[in-house]
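To keep things clear, I will list the structure first and then write my remarks on it.
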Amino acid sequence: TYSTQTISILKDGHTHGVAALAFDKEGNRLASVGLDGANTINVWDWKKGKIISTTKGHTDRIFDIQWDPYNKNRLVSCGVKHIKFWTLCGNALTAKKGIFGKVGEIQTILCLAFAPDEVTFTGVLNGDVYMWKGNNLTRVIQNAHNAGIFTLYACDEGYASGSRDGCIKLWDTDFKTIAKIDLTESEHGYKGMSIRAVCWGGDRILAGTQDSEIYEIALRERDKPKLLMQGHAEGELWGLGVHPKQPLFVTGS
């Protein structure tokens, strides 16, 4: 069983909001990105509430940061028209900028996933997937989606991606398409649905949307996604009323 007891509060690391968080593979260290002008990156010993390392992240907004599960002291951050590959040595974070070269256009990068041997996959704003070896762009998977890719998930089976186009795609370890699931065409789908989080394990996929739905999808019945949770809609929720006698409530925005 799990309680909701607070076990750690990390203070004084950021002066503004927090844009991204990521635990390392062992769960001992936490990386955080701030919304200050320097987009500050902190690495925490979260159990002690202490900062191990801090540095300026980038001049432009950072959207994601992740630890490389195959290299315990390697992190990658990405955002508005940039990607950086970080090495943590002691309490020092050092970065190498991503080199786009002639392989692909400089794009805003939204999310990250990893493969062995310092290979990184990134989802970009135009719907492509960029593959990096070290800090060099080596391959572009064009038109992976029809809009920005907000989430990538790596697992033993391969990779899952989710996009603003409302679709989930499954890829093998060579990033060749296995399956496509269009949630906009499902029973509870709608135009403008945007996938913001995806998780894949075995025959099951979980997907979260911008409008607070959570879907469970069985690959054997991928045309029948199950709606586990539903929010009201996009935007703020201003109205909430509970029926006095029946297990019903109404929402309004």
Report task. For the pair Lys169 (side chain) and Ala144 (backbone), establish whether a donor and an acceptor sit closer than 3.5 Å, ignoring hydrogens and angles. Result -> yes
Query - Salt bridge flag under 4.0 Å for residues Arg204 and Glu216 - result: yes
**Report entry** Check: Gly57 main-chain N/O paired with Lys84 side-chain donor or acceptor under 3.5 Å
**Finding:** yes
Query raised in the report: Between Phe249 and Leu240, is any pair of side-chain heavy atoms under 4.5 Å apart?
Result: yes
Requested in this report: Keeping to residues at least two apart or across chains, list the ring-ring contact (aromatic ring centres under 6.0 Å, His included) pairs with something in residues 139-164.
Outcome: Phe121-Tyr159, Tyr159-Phe175
Query raised in the report: Do we see a donor-acceptor contact under 3.5 Å between the side chains of Trp171 and Thr177?
Result: no
Query - Donor + acceptor pair across side chains of His58, Ser77 (<3.5 Å) - result: no
Query raised in the report: Quick check: does any side chain N or O of Asp165 sit under 3.5 Å from a backbone N or O of Cys167, one acting as donor and the other as acceptor?
Result: yes
Query raised in the report: Got Phe63 and Val80 here, is their nearest side-chain heavy-atom distance under 4.5 Å?
Result: yes
Report task. Nearest 0.5 Å please: distance from the CD atom of Glu185 over to the CG atom of Asp223. Result -> 12.0 Å
Requested in this report: Following the transitive rule for hydrophobic clusters with a side-chain heavy-atom cut-off under 4.5 Å over Ile, Leu, Val, Met, Phe, Trp and Tyr, establish whether Val198 and Ile181 coincide in one cluster.
Outcome: yes
Query raised in the report: Same cluster for Leu152 and Val119 if Ile/Leu/Val/Met/Phe/Trp/Tyr side chains link at under 4.5 Å?
Result: yes
Contacts table for residues 92-109: side-chain donor-acceptor under 3.5 angstrom, sequence neighbours left out:
| residue | atom | partner | partner atom | Å |
| --- | --- | --- | --- | --- |
| Thr108 | OG1 | Lys81 | N | 3.4 |

Requested in this report: Would you check if the side chain of His243 reaches a backbone N or O of Gln246 as a donor-acceptor pair within less than 3.5 Å?
Outcome: yes
Query raised in the report: Rounded to the nearest 0.5 Å, how far does CZ of Arg61 lie from CG of Leu35?
Result: 5.0 Å
Query raised in the report: Can you name the nearest heavy-atom pair linking Trp86 to Lys56, along with the distance?
Result: CH2-O, 3.6 Å
Requested in this report: Say whether Asp68 and Gln66, considering side chains only, have a donor N or O and an acceptor N or O under 3.5 Å apart.
Outcome: no
Query raised in the report: Is a side-chain donor or acceptor of Trp132 paired with a backbone partner of Thr138 at a separation under 3.5 angstrom?
Result: no
Query raised in the report: Is it true that Lys72 and Asp24 have a side-chain N and a carboxylate O under 4.0 angstrom from each other?
Result: no
Query - Within-4.5 Å side-chain heavy-atom neighbours: Ile65 and Leu75 - result: yes
Requested in this report: Tell me, with the steps shown, if Lys47 and Ser8 meet side chain to side chain contact (heavy atoms under 4.5 Å, CB included).
Outcome: CA-CA 6 Å; Lys47 293 178 183 177; Ser8 183; over 6 Å; no
Requested in this report: To the nearest 0.5 Å, tell me how far Asn136 CG sits from Glu118 CD.
Outcome: 11.0 Å
Report task. Give a yes or no answer on whether the side chain of Asp182 reaches the backbone of Thr184 with a donor-acceptor pair at less than 3.5 Å. Result -> yes
Query - Within-4.5 Å side-chain heavy-atom neighbours: Leu88 and Arg29 - result: yes
Query raised in the report: Can you check whether Asn71's main-chain N or O pairs, donor with acceptor, with Lys25's side chain at less than 3.5 Å?
Result: no
Query raised in the report: In Å, rounded to the nearest 0.5 Å, how long is the span from CD1 of Ile205 to CH2 of Trp200?
Result: 7.0 Å
Report summary line: Applying side chain to side chain donor-acceptor pair (under 3.5 Å) to Trp46 and not counting sequence neighbours gives none
Requested in this report: For residues Lys11 and Trp44, report the shortest heavy-atom separation together with the two atoms involved.
Outcome: O-CH2, 3.6 Å
Query raised in the report: Looking just at side-chain N and O atoms, do Asp36 and Thr15 make a donor-acceptor pair shorter than 3.5 Å?
Result: no
Query raised in the report: When you measure from the side chain of Asp203 to the backbone N and O of Ala218, does any donor-acceptor pair fall under 3.5 Å?
Result: no
Query raised in the report: Atom CZ of Arg196 and atom SG of Cys111: how far apart are they, to the nearest 0.5 Å?
Result: 10.0 Å
Query raised in the report: How far does CD1 of Ile41 sit from CD1 of Ile51, to the nearest 0.5 angstrom?
Result: 12.5 Å
Query raised in the report: Does one hydrophobic cluster hold both Tyr70 and Phe85, with members joined at side-chain heavy-atom distances below 4.5 Å?
Result: yes
Requested in this report: Keeping the roles fixed (side chain from Ser163, backbone from Ala147), state whether a donor-acceptor pair exists under 3.5 Å.
Outcome: yes
**Report entry** Stepwise side chain to side chain contact (heavy atoms under 4.5 Å, CB included) test for Thr120 and Thr122
**Finding:** CA-CA 7 Å; Thr120 308; Thr122 58; 4.1 Å; yes
Query raised in the report: How about Leu110 and Ile149: do any of their side-chain heavy atoms sit closer than 4.5 Å?
Result: no
Query raised in the report: Checking Asp128 side chain against Asn143 main chain: does a donor-acceptor pair fall under 3.5 Å?
Result: yes
Report task. Could you give me the CA-CA distance, side-chain angles and deciding distance for Trp67 and Val43, then say whether side chain to side chain contact (heavy atoms under 4.5 Å, CB included) is met? Result -> CA-CA 11 Å; Trp67 296 83; Val43 175; 3.8 Å; yes
Report task. Would you check if Asn73 and Cys89 make a side-chain contact, meaning some heavy-atom pair closer than 4.5 Å? Result -> no
Requested in this report: Indicate yes or no: at least one non-hydrogen side-chain atom of Gln230 is less than 4.5 angstrom from one of Tyr215.
Outcome: no
Report task. Identify the heavy atoms of Ala207 and Leu183 that sit nearest to each other, and give their distance. Result -> CB-CD1, 4.3 Å
Query raised in the report: Should Ile217 and Leu170 be counted in the same cluster of Ile, Leu, Val, Met, Phe, Trp and Tyr side chains packed under 4.5 Å apart?
Result: yes
